[in-house]
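Just so it is clear, the structure is predicted and the values come from calculations on it, not from any experiment.
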Amino acid sequence: MYEALQLLTGTLAMLPSAALTLAGAIKKETLKADKTPIEPTLTDGNEQFGMDDLSSEPARREVIAVVPLFGALSPHGEFGRTRTTAYSKLIQQLDASESVGTIITHVNSPGGTVWGTEEAANTLYAITQAGRTNTITVASPQMASAATWIGVASGQVVITPSGEAGSIGVISMYQDWSAWLESVGIKIDITRAPANKARYSGIEPMTEDMKARTEELVAADYEKFKTWMAKARGIKKSEVEGRFGGGEMMQAEDAKSAGLVDRVATLDEVINGVATKIKRRN
């Protein structure tokens, strides 16, 4: 119960349906923290190989690394499939390799917690700005909210023809269990010091003061999100909400017309396009 409450009460850059599904899984104890390493797909355009083979590749920055950014995102895998801390560490490692010329972030995610999202986006953006490694994001098929926050940090943002992107906004969903506790005969007396200690417990109703504080936190994170989108996509902050769906998802062609993404193509087409350029150089 309390892990689900922690997820929903925190500020989320995630589709509500995904958040509620995750909360249900947490309550049933069917969802555990995922510590599985993120495994990139590495290719030189002809064959695939593993991370251990990078050291044997020619130091020409021509390897293409496809890095998955899948499932609900959180810093340490608490609520989903991808740890944003692990993602950041991996792309830094790939950028440092003299063999890797392109990092393609393959996104299929409903978003995640605001925690950790800004840091992952900053890491990818720093790699993009440094210019040692070409960075591309491919939304295939879904790039929502926190995933969009991270994904647009690449030098080029692509979406598959049937894909969708956007959901630029922040939510918080407080669960009030007090009526249910009362219905089963459980009464809880709370003593706290100071007055604001641990108010979001789920065992008492949300007060107007709590609601106002939550609205402040959500608004502050939304302002951060809009500031980032404006910076990454080269538009005014005041244009973000109106151009990029007003908090809703956008279909591929609409996202391209609005400038949320740069072009429409499949993941395979993007990989093959990069590989073709490599072959032409050689």
Side-chain angles (χ1 to χ4, degrees), residues 34-71 73-77 81-109 112 116-140 143 146-160 228 231-234 261-263 265-282:
D34 191 345
K35 301 299 183 181
T36 306
I38 302 176
E39 294 292 342
T41 300
L42 304 173
T43 180
D44 60 3
N46 296 310
E47 59 179 335
Q48 293 185 2
F49 43 90
M51 286 288 288
D52 293 340
D53 299 320
L54 271 184
S55 59
S56 63
E57 287 298 305
R60 296 179 303 192
R61 286 196 172 274
E62 294 191 347
V63 171
I64 304 165
V66 182
V67 180
L69 193 65
F70 292 170
L73 311 176
S74 61
H76 307 293
R81 189 170 170 187
T82 295
R83 291 173 289 147
T84 52
T85 51
Y87 167 79
S88 295
K89 183 177 180 180
L90 176 58
I91 60 175
Q92 287 174 321
Q93 181 182 356
L94 292 168
D95 179 54
S97 170
E98 291 298 326
S99 300
V100 176
T102 300
I103 297 173
I104 298 175
T105 298
H106 175 196
V107 179
N108 183 20
S109 169
T117 294
E118 184 177 4
E119 293 85 344
N122 285 339
T123 300
L124 179 55
Y125 190 74
I127 291 171
T128 300
Q129 293 301 301
R132 292 185 302 272
T133 308
N134 181 33
T135 59
I136 305 171
T137 290
V138 181
S140 180
M143 184 172 74
T148 300
W149 193 330
I150 297 170
V152 296
S154 285
Q156 184 180 135
V157 186
V158 184
I159 188 169
T160 197
W228 177 260
K231 174 181 176 180
R233 299 311 293 164
V261 303
D262 298 305
R263 65 189 181 101
T266 66
L267 177 62
D268 284 344
E269 287 171 341
V270 171
I271 294 171
N272 290 337
V274 176
T276 297
K277 289 180 180 179
I278 293 171
K279 291 175 182 177
R280 287 173 180 169
R281 286 199 300 267
N282 295 332

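- Considering only residues two or more places apart in sequence or on other chains, T84 meets the side chain to side chain donor-acceptor pair (under 3.5 Å) condition with none of them.
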Run the side-chain donor-acceptor check on residues 122-131: report pairs under 3.5 Å with partners two or more places apart or on a different chain.
| from | atom 1 | to | atom 2 | distance (Å) |
| --- | --- | --- | --- | --- |
| N122 | ND2 | E118 | O | 3.3 |
| T123 | OG1 | E119 | O | 3.0 |
| T128 | OG1 | L124 | O | 3.0 |
| T128 | OG1 | T135 | OG1 | 2.7 |
| T128 | OG1 | A153 | O | 2.8 |

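- A heavy-atom distance below 4.5 Å is found between the side chains of V274 and I136.
- Within the 4.5 Å cutoff, no side-chain heavy atoms of T266 are placed close to those of S140.
- Across I104, N108, V107, a single residue satisfies side chain to side chain contact (heavy atoms under 4.5 Å, CB included) together with L267, and that is I104.
- Residues Q156 and V138 fail the side-chain proximity criterion, which asks for heavy atoms closer than 4.5 Å.
- Every residue was checked against the salt bridge (charged side-chain N to carboxylate O under 4.0 Å, His left out) condition with R263, not counting sequence neighbours, and none meets it.
- For T41, the side-chain contact (heavy atoms from CB on, under 4.5 Å) partners are Q48, V66, not counting sequence neighbours.
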Between L94 and V63, does a side chain to side chain contact (heavy atoms under 4.5 Å, CB included) hold up when you go through it step by step?
-> CA-CA 10 Å; L94 292 168; V63 171; over 6 Å; no

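- In terms of the side-chain contact (heavy atoms from CB on, under 4.5 Å) criterion, residue partners of T148 (sequence neighbours excluded) are, by chain and number, M143, V152, I168, M229, L260.
- For I271 against I64, the heavy-atom pair with the smallest separation is O-CD1, 3.9 Å.
- Residues passing the side chain to side chain donor-acceptor pair (under 3.5 Å) test with D95 are R132, T133, sequence neighbours excluded.
- L73 places a side-chain heavy atom less than 4.5 Å from the side chain of I150.
- Scored by the side-chain contact (heavy atoms from CB on, under 4.5 Å) test, S97 finds L54, S99, V100 as partners (sequence neighbours excluded).
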